[in-house]
Amino acid sequence: MGKTKRVLIRAGEDDDLLRADVFLTGRLPEYSRSFIQSLIRGGAFRRADDAELPEGETLLEEELSPDDDADEAPAGEIIKKPGAPVKGGAVYELTVTEREQLNASPQDIPLDIVYEDESILIVNKPKGMVVHPARGHADGTLVNAVMFHCGSALAAGDDPLRPGIVHRIDQDTTGLLVVCKTDRAQRSLAQQLQEHSITRQYRAIVHGNIKQDEGTVDAPIGRHPTDRLKMAVAKGGRRAVTHYRVLERFGSYTYIACELETGRTHQIRVHMSSIGHPVLGDAVYGPAKCPVKGLQGQTLHAMTLGFVHPATGETVSFEAPLPEYFEKLLEKLRAGRSGGPS
């Protein structure tokens, strides 16, 4: 199965004005120039103004997990021309996906469609479904289902594995996603994400008793310093802001609403863990052993999604009710507020 990795490269002074494809081929001789050119044209190469390389290093490679996707376009100019010149001293990022055995094809998989018109499709994603084909998840994804449902009426985008996709939620997170059926819609929604104008509100149950009624976590998120498949609050990471509000307290647990100001990989999970309140069921950023019998994956639900409709210009908002497992867990917590569920 194809692997995906992020490569950070600092251009030397001697590289100034060198063609991008020549620069990358020289630093990454394991890849052909034609393959490098295809990556550049596909939008996988950018000037990484928000990235830092350890002192003394000129190249850093990081393997990415299937959920490693930020909702927003990263800072720094995306370079799509192989002949574009690089600047000496600048740091560049190349995302390399080896896809010889990885394709996206239509599959007849049921979809929970909240709304659909000629421009967009709003889907309520179930727990356990990956958004797009990736290492370890070649099929059975939301993209496979959407390709079957929409046929040719789906935005192509720059990535053949992510047609119509502008933002993502983790495999075990439930809730709303917008899929773009036209290129115009995809450009509009991508721009709104970049401008932080899309409303994304979540519901979560977290460990511990949050004493304050509301708060904000404004802490940069980057790659974990020792576990490269995880994210962490990290100096030099990308700015990330999560607003939260307490809805109910259950002693050992707190039910909260979260609103994203930015969209980083695993943002809510990382931020809540960083303040001592990891999301219940999250074995990556919380306790390895879940205290709730039978619960698999984090109790995190993308409930509300609002944006300016790309075709009409009207502000629209959609809501997905809590999934059944989440509601039952809340009922159990309410029945025993003095302690936690079992």
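Under 3.5 Å, the side chains of His301 and Thr174 contain a donor-acceptor pair of N or O atoms. Remark: the Asp108 side chain and the His149 side chain contain no N/O donor-acceptor pair separated by less than 3.5 Å. If you check the side chains of Glu248 and Tyr253, you find no donor sitting under 3.5 Å from an acceptor.
The number of heavy atoms from other shown groups lying within 6.0 Å of CD (Gln212) is above 12. Within 6.0 Å of CZ on Arg245 lie no more than 12 heavy atoms contributed by other residues, nucleotides or ligands.
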> Can you list the steps and then say if Asn209 with His277 is a side-chain hydrogen bond (donor to acceptor under 3.5 Å, both in side chains)?
Replying inline: CA-CA 8 Å; Asn209 182 12; His277 298 285; over 6 Å; no
>> Quick one, His266 with Tyr285, criterion ring pair (Phe, Tyr, Trp, His ring centres under 6.0 Å). Give me CA distance, side-chain angles, the key distance, then yes/no.
In response: CA-CA 9 Å; His266 304 172; Tyr285 300 104; 5.6 Å; yes
>> Go through it in stages, so that I can follow the logic: the residues are Val178 and Leu305, the test is side chain to side chain contact (heavy atoms under 4.5 Å, CB included), and I'd like the CA-CA distance, side-chain angles, deciding distance and then a yes or no.
In response: CA-CA 8 Å; Val178 58; Leu305 183 63; 4.0 Å; yes
>> Assess the residue pair Gln267 and Thr242 against the criterion (side-chain hydrogen bond (donor to acceptor under 3.5 Å, both in side chains)); give the C-alpha distance rounded to whole Å, side-chain angles, the decisive distance to 0.1 Å, and a yes or no.
In response: CA-CA 8 Å; Gln267 179 171 315; Thr242 304; 2.8 Å; yes
>> Between Lys181 and Asp117, is the salt bridge (Lys or Arg N to Asp or Glu O under 4.0 Å) condition met? List the steps.
In response: CA-CA 9 Å; Lys181 299 174 71 174; Asp117 62 26; over 6 Å; no
>> Working note: Leu39 + Thr95, criterion side chain to side chain contact (heavy atoms under 4.5 Å, CB included); need CA distance, chi angles, decisive distance, verdict.
In response: CA-CA 8 Å; Leu39 292 177; Thr95 302; over 6 Å; no
> Given Glu118 and Thr182, is the side-chain hydrogen bond (donor to acceptor under 3.5 Å, both in side chains) satisfied, shown in steps?
Replying inline: CA-CA 8 Å; Glu118 294 181 354; Thr182 67; over 6 Å; no
>> Checking Glu214 against His243 for the side-chain hydrogen bond (donor to acceptor under 3.5 Å, both in side chains) test, could you report, in this order, the C-alpha distance in whole Å, the side-chain angles of both residues, the deciding distance, and whether it holds?
In response: CA-CA 8 Å; Glu214 58 185 33; His243 307 284; over 6 Å; no
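Taking CD1 of Ile169 as the start and CG of Leu300 as the end, the distance is 8.0 Å to the nearest 0.5 Å. With values rounded to the nearest 0.5 angstrom, Arg203 atom CZ is found 13.0 Å from Thr299 atom OG1. If you take CZ on Arg238 and CZ on Arg264, they are separated by 4.0 Å, rounding to the nearest 0.5 Å. To the nearest 0.5 Å, atom CD1 of residue Ile78 and atom CZ of residue Arg46 are 8.0 Å apart. One finds the CZ atom of Arg10 at 7.5 Å from the OG1 atom of Thr58 (value rounded to the nearest 0.5 Å). Atom CD of Glu116 and atom SG of Cys150 lie 5.5 Å apart (nearest 0.5 Å).
Nearest heavy atom pair, residue Ile109 against residue Gly140, reads CD1-CA, 3.6 Å. Residues Ala311 and Ser119 approach most closely at CB-OG, 3.5 Å, considering heavy atoms. When all heavy atoms of His207 and Pro291 are compared, the closest pair comes out as CE1-CG, 3.8 Å. When all heavy atoms of His196 and Glu261 are compared, the pair lying nearest together is ND1-O, 3.2 Å. Across every non-hydrogen atom of Ile120 and Pro310, the tightest pair is CG2-CG, 3.9 Å. Among all heavy-atom pairs drawn from Gly26 and Pro29, the shortest one is O-CD, 4.0 Å.
Applying the side-chain hydrogen bond (donor to acceptor under 3.5 Å, both in side chains) test between Asp21 and each of Arg41, Lys81, Gln37 identifies Gln37 as the sole match. Of the candidates Gln194, Glu195, Arg187, Gln191 forms a side-chain hydrogen bond (donor to acceptor under 3.5 Å, both in side chains) with just one, namely Glu195. Results of the side chain to side chain contact (heavy atoms under 4.5 Å, CB included) test with Ile9 over Val86, Leu24, Leu60, Asp15 single out Leu24 as the only residue that passes.
The main-chain N or O of Gln296 is found under 3.5 Å from a side-chain atom of Lys127 such that the two form a donor-acceptor pair. A donor-acceptor pair is defined here as one N or O able to donate and one able to accept, closer than 3.5 Å; such a pair exists between the side chain of Tyr92 and the backbone of Lys87. A donor-acceptor contact shorter than 3.5 Å is absent between the side chain of Ser188 and the backbone of Arg184. Thr312 contributes a side-chain N or O that, together with a main-chain N or O of Glu314, makes up a donor-acceptor pair within less than 3.5 Å. Not a single donor-acceptor pair under 3.5 Å links the side chain of Gln192 to the backbone N or O of Ser197. Listed for the Asn144 side chain is a donor-acceptor partner under 3.5 Å among the backbone atoms of Ser105. Under the 3.5 Å distance criterion, the side-chain polar atoms of Arg249 are matched with a main-chain donor or acceptor of Ile210. Counting only distance, with no hydrogens or angles, the side chain of Glu259 and the backbone of Thr199 share no donor-acceptor pair below 3.5 Å. Side-chain atoms of Lys125 come within 3.5 Å of backbone N or O of Asp170 as a donor-acceptor pair. Of the possible donor and acceptor atoms, none in the side chain of Asp16 sits under 3.5 Å from a partner among the backbone N and O of Glu13.
Ring orientation note: the planes of Phe23 and Phe45 are tilted relative to one another, at an angle of 30° to 60°.
Taking 4.5 Å as the limit, every side-chain heavy atom of Val91 sits out of range of all side-chain heavy atoms of Glu93. Between His132 and Arg168, the closest side-chain pair of non-hydrogen atoms falls below 4.5 Å. Annotation: side chain of Ile268 is in contact with side chain of Tyr202 (closest heavy-atom distance under 4.5 Å). Contact annotation: the side chain of Pro85 never approaches that of Leu18 to less than 4.5 Å [non-hydrogen atoms, C-beta and beyond]. No side-chain heavy atom of Thr315 sits under 4.5 Å from any side-chain heavy atom of Phe307. Counting only heavy atoms from C-beta outward, the side chains of Leu154 and Val146 approach each other to under 4.5 Å. Within the 4.5 Å cutoff, no side-chain heavy atoms of Leu161 are placed close to those of Val143. Looking only at side-chain heavy atoms (C-beta outward), Leu142 and Val123 come within less than 4.5 Å of each other.
By the rule that hydrophobic residues join a cluster once side-chain heavy atoms approach within less than 4.5 Å of another member, Tyr115 and Ile198 end up as members of one cluster. Residues Phe148 and Val130 are members of separate hydrophobic clusters, defined by side-chain heavy-atom contacts under 4.5 angstrom among Ile, Leu, Val, Met, Phe, Trp and Tyr. Hydrophobic clustering of Ile, Leu, Val, Met, Phe, Trp and Tyr side chains at less than 4.5 Å, counting indirect connections, unites Leu329 with Leu247. Cluster membership for Leu59 and Phe35, using ILVMFWY side-chain heavy atoms within less than 4.5 angstrom, is shared. Linking ILVMFWY side-chain heavy atoms closer than 4.5 Å, directly or via other members, places Leu176 and Val308 in two distinct hydrophobic clusters.
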